[in-house]
Amino acid sequence: MTTAQSTVDRTELDVQPTPLALLLLGREADPRSERGVECPGDLPSPSDPGLVERARAAKEKLGDKVFVLGHHYQRDEVIQFADVTGDSFKLAREAAARPDAEYIVFCGVHFMAESADILTGDDQKVVLPDLAAGCSMADMATAEQVAECWDALAEAGIAERVVPVSYMNSSADIKAFTGKHGGTICTSSNAKRALEWAFEQGEQVLFLPDQHLGRNTAVRDMGMSLEDCVVYNPHKPNGGLTAEQLRNAKMILWRGHCSVHGRFSLESVEDVRARIPGVNVLVHPECKNEVVAAADYVGSTEHIIQTLEAAPAGSKWAIGTELNLVRRLANRFAAEDKEIVFLDKTVCFCSTMNRIDLPHLVWALESLADGKLVNRIEVDRETEQFAKLALERMLALP
């Protein structure tokens, strides 16, 4: 086919980019979406050799007015400027514990910055250095889709006995929905406690948005069977489930997943065991159920770090989580003769987390130092009210 013919064919078919495609291409903006929101500003060149010094100078100029949070999955070039490092919930709590900081610069992704805004004071301003740093998992559940799901549960006659439990890795809208409907938020470290609480309140759980964490917690930690779990697909009528399937399920799992942890496979585990005799396989509970079942240890990001800290010298570990953290841990414990490798042969960074790079951080800090507020993340009052309710229920868990 010639170029002219190809052009004619596309014109005749009237092929138009979908709204989602435009967002992914960065050609449209939706402030309520985790995807494709352009970052304004004249960024410094990534090849600028003075970026480290510029970041240091801007941070020193701001002094106690700024508090920089760095998620474990951030690049080394960014994490060096973090006042505190941690997982998403730890960082949100750290932000709330700094009421004197006028600016909270969150080096993470959008839903994390939203949580920080919800938990900090009205006079504090949360800044995300790149507004396009989203989370594909959080984006897999929209408020409209979840409302439709709840309607399906009502039509099946079970909405009154279903308690929503939403993973921290969700948008403020989903957290607010959870709060409105009597549910709670969970992290990967307290998911079991959250589910235990939920089953004390009702008979069934709607788990959002990560199906793997919900399934692994229910089956591995609480003794349920895989048959107790059904997957609700928001892209199918009634979630692709019959009313009877909805009524019989203990766990109604949203069809969402982490693009990083979802890459690990049973073959990855078998391959690393063959390559490294005596290796310990340690994975995050966002991995698929068959990967978790084949692993030696399973735990949250903080648990992974603590396990490696306590590991004996000379031990060997294959880690199933984001590569930035695995590489950092490998370097950290090399002196103790701990061999730490990435579980998969394929290099896999969190692409959206990696959008926060040194040029974006420098731009954000220098803008704040010059008195210009940029990239503020602000949750509206009503959403904040109900999302905070759900978060507070989690904080109250024993």
Side-chain angles (χ1 to χ4, degrees), residues 71-73 86-91 109 111-112 135-138 140-141 164-170 174 184-199 205-226 228-231 250-266 268-269 272 280-311 317-326 329 340 342-344 348 350 353 394 397:
H71 192 273
H72 287 309
Y73 297 166
D87 61 13
S88 58
F89 184 60
K90 176 186 175 182
L91 294 179
V109 294
F111 78 80
M112 300 178 190
C135 171
S136 59
M137 179 202 295
M140 290 177 188
V165 175
S166 292
Y167 190 21
M168 192 72 177
N169 298 30
S170 59
I174 301 307
T184 187
I185 307 303
C186 75
T187 69
S188 53
S189 58
N190 72 0
K192 180 183 177 183
R193 280 187 292 163
L195 287 181
E196 289 172 341
W197 174 89
F199 280 111
V205 165
L206 171 63
F207 194 90
L208 300 151
D210 180 23
Q211 61 171 307
H212 300 305
L213 177 62
R215 182 183 295 105
N216 289 328
T217 305
V219 175
R220 181 178 182 273
D221 299 332
M222 300 182 67
M224 296 185 205
S225 69
L226 291 174
D228 289 324
C229 307
V230 296
V231 178
K250 290 184 180 179
M251 293 285 293
I252 302 168
L253 307 171
W254 193 264
R255 190 175 183 269
H257 65 276
C258 170
S259 58
V260 171
H261 293 104
R263 289 179 59 94
F264 300 115
S265 65
L266 184 57
S268 302
V269 178
V272 79
N280 297 284
V281 178
L282 171 57
V283 303
H284 195 282
E286 289 177 19
C287 293
K288 298 171 185 175
N289 181 252
E290 58 265 29
V291 174
V292 165
D296 300 301
Y297 304 92
V298 181
S300 66
T301 304
E302 293 291 343
H303 177 78
I304 289 172
I305 296 170
Q306 292 166 7
T307 299
L308 293 176
E309 287 175 339
W317 298 84
I319 310 300
T321 194
E322 206 273 342
L323 183 56
N324 271 320
L325 175 60
V326 176
L329 292 171
I340 298 171
F342 191 57
L343 178 57
D344 195 11
C348 184
C350 176
M353 188 79 73
M394 180 181 72
L397 291 174

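- We find the NE2-CG distance between His212 and Leu253 to be 10.0 Å, quoted to the nearest 0.5 Å.
- Residue Arg255 places its CZ atom among 12 or fewer non-hydrogen atoms of other residues, nucleotides or ligands, all under 6.0 Å distant.
- Counting only heavy atoms from C-beta outward, the side chains of Val292 and Val219 never approach each other to under 4.5 Å.
- Summarising the geometry of Val281 relative to Val283, their closest heavy-atom pair is CG1-CG1, 3.9 Å, with the distance given to 0.1 Å.
- When atom types are taken as modelled, the side chain of Trp254 and the backbone of Ser166 share no donor-acceptor pair closer than 3.5 angstrom.
- Side-chain atoms of Phe111 and Ile174, non-hydrogen and from C-beta on, never get closer than 4.5 Å to each other.
- A tilted orientation is assigned to the rings of Phe264 and His261, their planes being inclined by 30° to 60°.
- Residues Ser88 and Asn169 are in side-chain contact: their nearest non-hydrogen atoms beyond the backbone lie under 4.5 Å apart.
- When every heavy atom of Asn324 is checked against every heavy atom of Glu322, the shortest pair comes out as N-OE1, 2.7 Å.
- In this structure, OG on Ser189 lies 8.0 Å from CD on Glu302, to the nearest 0.5 angstrom.
- In terms of modelled atom types and a separation under 3.5 Å, the side chain of Thr184 and the main chain of Met394 share a donor-acceptor contact.
- Pairing each heavy atom of Met140 with each of Gly256, the nearest pair is SD-CA, 3.5 Å.
- Gly262 and Lys288 make their closest contact through O-CE, 3.1 Å (heavy atoms, listed as atom of the first residue, atom of the second, distance).
- Across all non-hydrogen atoms, the minimal contact from Phe207 to Gly214 is CE2-N, 3.4 Å.
- Within the model, atoms NE2 of His303 and OH of Tyr297 stand 9.0 Å from one another, a figure rounded to the nearest 0.5 Å.
- Of all heavy-atom pairs between Thr301 and Leu325, the closest is CG2-CD2, 3.4 Å.
- Within the 4.5 Å cutoff, no side-chain heavy atoms of His72 are placed close to those of Thr321.
- Taking CG from Leu208 and CG from Leu213, the interatomic distance works out to 11.5 Å, rounded to the nearest 0.5 Å.
- Asp87 contributes a side-chain N or O that, together with a main-chain N or O of Lys90, makes up a donor-acceptor pair within less than 3.5 Å.
- The side-chain heavy atoms of Ile319 and Leu329, taken from C-beta on, include no pair separated by under 4.5 Å.
- For the atom pair NE2 of His257 and CZ of Arg263, the computed distance is 10.5 Å after rounding to the nearest 0.5 Å.
- For the atom pair CE of Met168 and SG of Cys186, the computed distance is 10.0 Å after rounding to the nearest 0.5 Å.
- Side chain of Asn289 to backbone of Asn216: no donor-acceptor contact under 3.5 angstrom is found.
- Between Met222 and Glu196 there is a side-chain heavy-atom pair separated by less than 4.5 Å.
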